[in-house]
S.K.: 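Mind looking over this structure? Questions follow.
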Number of protein chains: 2
Amino acid sequence: MDTFDTEKEFLASYNIHDFDVPLCTVDMCIFTVKDEQLQVLLTKRGHFPKKNQWALPGGFIDQSKDKNLDETAFRKLREKTGVASPYLEQVATIGGSKRDPRGWALTVLYFALIPHEDTELKVDASSLEVSWVPIDHAMSLKLAFDHNELLKLSKERLRSKVLYTSLPVHLLNETFTLPLLQKTYEIILNTPLQKKSFRKRFLDAGIIEETGEKEPGVSKPALLYRLVDSNKVHVFPRTLESAT
Amino acid sequence: MDTFDTEKEFLASYNIHDFDVPLCTVDMCIFTVKDEQLQVLLTKRGHFPKKNQWALPGGFIDQSKDKNLDETAFRKLREKTGVASPYLEQVATIGGSKRDPRGWALTVLYFALIPHEDTELKVDASSLEVSWVPIDHAMSLKLAFDHNELLKLSKERLRSKVLYTSLPVHLLNETFTLPLLQKTYEIILNTPLQKKSFRKRFLDAGIIEETGEKEPGVSKPALLYRLVDSNKVHVFPRTLESAT
DNA sequence: GAAATAGTGTCTTTAAGACAGTATGGC
DNA sequence: GCCATACTGTCTTAAAGACACTATTTC
């Protein structure tokens, strides 16, 4: 070892294929709220392995297209949904010898939040079908690889962060009403919330502002709000007391 | 594509070396509190690339030894410190084309918390030196690869979780006093805390119990406590109001 | 005016911050 | 008894929960 005098010499002789390398992918848990339900995007796999099984969308890093990991995730999301500006967050990285029949495999799991109105589902070459699936139903399916586990991790991360952050805003359109936002929280947490404290929480935080418009509806119109800074996630000083 | 009729046929012809694969490593940010300072373990690299530079300990997945990613992290920690039961948590996974001269490289970053009394630093084949370095000093060094960035991420994750969890308990021995625990929080957060609320927080949470022993000292001895469940991290309902 | 939904007033509860006071050990 | 440090009492403050109340729109 280290028969090299300089880093340049070392690099000239280095070949990654001399080593055992794990299979390496990015998988996405893409969430939206649609028909008063939290839903996740699933694809039916078009190729081996696990051909014809439902799975989370994902795939390999493209070393020529992706300058970094986040770009891989953005690309996957765009390929399936056409959405360009989601909320995106890493959940975890799972690796092991048993999770993929091809060998030691590692996947970087992301979750994305998008307003479902923005999406136009695309069946690309790698999938036979692409569909929104209500989360409880998705969990009851037998997904490919360890994707049931990945989905569970993502759902738990989402639920726990919803208790103390402004994340669900990213499931709505750019302008939204407070009653709709509260409803979105309630759907994700599966529990009713107090109107008064919910409104106070957001209004005191100074993270939203009135647009001046109102949402017309069947009764009294609600004020429309937008985020003051659409890239910032607000962390509240206390968690909601939510039942499970 | 898909000239295969069965998954078995597909797998028989699959060879990972037919594809562009990223370099894949695990890096560790190992924290302890020693001499009233938050310190991190650094190693001076013994091999190319970045030979002779200080870096976070880390290395490749060993497909024969490591059944999953966490085992790689545990193994790395054991190799450097001899510690077998740390608190271990994934921070993030960073990947990109520019971070390693060998090519597109991905690293799974973990942080570990250990009581420094347990450690026996080991200079193994891969490093010339291994040392605890106070965090501020470590950040001022020019570390190998993007390890300054990895260190910053880990430090921020630690600081933010210390505000609402019981994490720092894992920096202490199995039995500890509340004044020492408070001191540990204050060192990490770099701010004094209120004694009364700090004690109430822990005692009301029901996560620690008296051992019946006392810590002898220069004045009134403090009661010794231990964790009721040493594997559980407690999440408090509110964050501490800490200045930066 | 009735129905429906948006939004407010106000009281309670919980847990943190501030800070002064008491307790208990070594010497 | 004195010092140092551990521990407690008690008041204040911030933000959530409960829930009844008022406001504004469509019909």
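None of the values given here were measured: they were computed from a predicted structure.
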S.K.: Where is the tightest heavy-atom contact between A/H116 and A/T32, given as atom of each residue plus distance?
M.R.: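 For A/H116 versus A/T32, the nearest heavy atoms are N-OG1, 3.0 Å.
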S.K.: Give the ring-plane orientation class for A/H234 versus A/F236, where under 30° counts as parallel, over 60° as perpendicular and anything between as tilted.
M.R.: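 If you compare the ring of A/H234 with that of A/F236, the planes turn out perpendicular.
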S.K.: Specify the separation, in whole Å, of atom CZ of A/F202 and atom C1' of C/dG7.
M.R.: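 Atom-to-atom, A/F202 to C/dG7, this comes out as 16 Å.
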S.K.: Please list each protein N or O that sits under 3.5 Å from an N or O in nucleotides 13-16 of chain D, with the distance.
M.R.:
unit_1: D/dA14; atom_1: N3; unit_2: A/R238; atom_2: NH2; d: 2.7
unit_1: D/dA15; atom_1: O4'; unit_2: A/R238; atom_2: NE; d: 3.3
unit_1: D/dA15; atom_1: O4'; unit_2: A/R238; atom_2: NH2; d: 2.9
unit_1: D/dA15; atom_1: N3; unit_2: A/R238; atom_2: NH1; d: 2.9
unit_1: D/dA16; atom_1: OP1; unit_2: A/R201; atom_2: NE; d: 3.2

S.K.: Output the rounded distance in Å from CG (B/L180) to C1' (D/dA6).
M.R.: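 Between C1' of D/dA6 and CG of B/L180: 13 Å.
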S.K.: Is there a side-chain contact between B/Q194 and the phosphate of C/dA16, meaning an N or O under 4.0 Å from OP1 or OP2?
M.R.: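 Negative; the distance criterion is not met.
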S.K.: Using a cut-off of 4.0 Å on non-hydrogen atoms, how would the nucleic acid contact of A/L223 be classed: base, sugar-phosphate, or nothing?
M.R.: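 Result for A/L223 = sugar-phosphate.
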S.K.: Measure from CG on B/L193 to P on C/dA15 and round the result to the nearest Å.
M.R.: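 For the pair B/L193 CG and C/dA15 P, the rounded distance is 18 Å.
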S.K.: Tabulate protein N/O versus nucleotide N/O from nucleotides 20-26 of chain D, keeping only pairs under 3.5 Å, one per line.
M.R.:
unit_1: D/dT25; atom_1: OP1; unit_2: A/K214; atom_2: NZ; d: 3.2

S.K.: So, A/T107 and A/T25: side-chain donor and acceptor under 3.5 Å apart, yes or no?
M.R.: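 Judged by distance alone, the side chains do pair up.
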S.K.: If you measure only the distance, is there a donor-acceptor pair under 3.5 Å linking the side chains of B/S127 and B/T43?
M.R.: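 No, because no side-chain N or O of B/S127 sits under 3.5 Å from a partner of the opposite role on B/T43.
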S.K.: Could you check how far CD of B/E215 sits from P of D/dC7, rounded to whole Å?
M.R.: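 After rounding, the reported distance stands at 11 Å.
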S.K.: Below 30° counts as parallel, above 60° as perpendicular, anything between as tilted: where do the rings of A/Y87 and A/F111 land?
M.R.: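 Tilted, since the angle between the ring planes falls between 30° and 60°.
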S.K.: Find the distance between CG (B/N190) and CG (B/L38) and round it off to the nearest 0.5 Å.
M.R.: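 Spacing of CG (B/N190) from CG (B/L38) equals 10.0 Å.
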S.K.: List for me each residue that meets side chain to side chain donor-acceptor pair (under 3.5 Å) alongside B/E186, sequence neighbours excluded, and say none if there are none.
M.R.: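 If we apply the side chain to side chain donor-acceptor pair (under 3.5 Å) test to B/E186, skipping adjacent residues, the hits are B/Q182.
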S.K.: Start at the 5' end of DNA chain D and walk down; is the nucleotide closest to B/R199 or to A/F198 reached first?
M.R.: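 Closest to the 5' end, via its nearest nucleotide, is B/R199.
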S.K.: Tell me: CD of A/E210 to C1' of C/dA6, nearest whole Å?
M.R.: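 The distance from CD of A/E210 to C1' of C/dA6 comes to 13 Å, rounded to the nearest Å.
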S.K.: Could you pull out the closest heavy-atom pair between A/G58 and A/K76, with the gap in Å?
M.R.: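 So the minimum-distance heavy-atom pair works out to C-CD, 3.7 Å.
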S.K.: Would you find more than 12 non-hydrogen atoms of other residues, nucleotides or ligands less than 6.0 Å from B/K34 atom NZ?
M.R.: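 Atom NZ in B/K34 is packed in, count exceeds 12.
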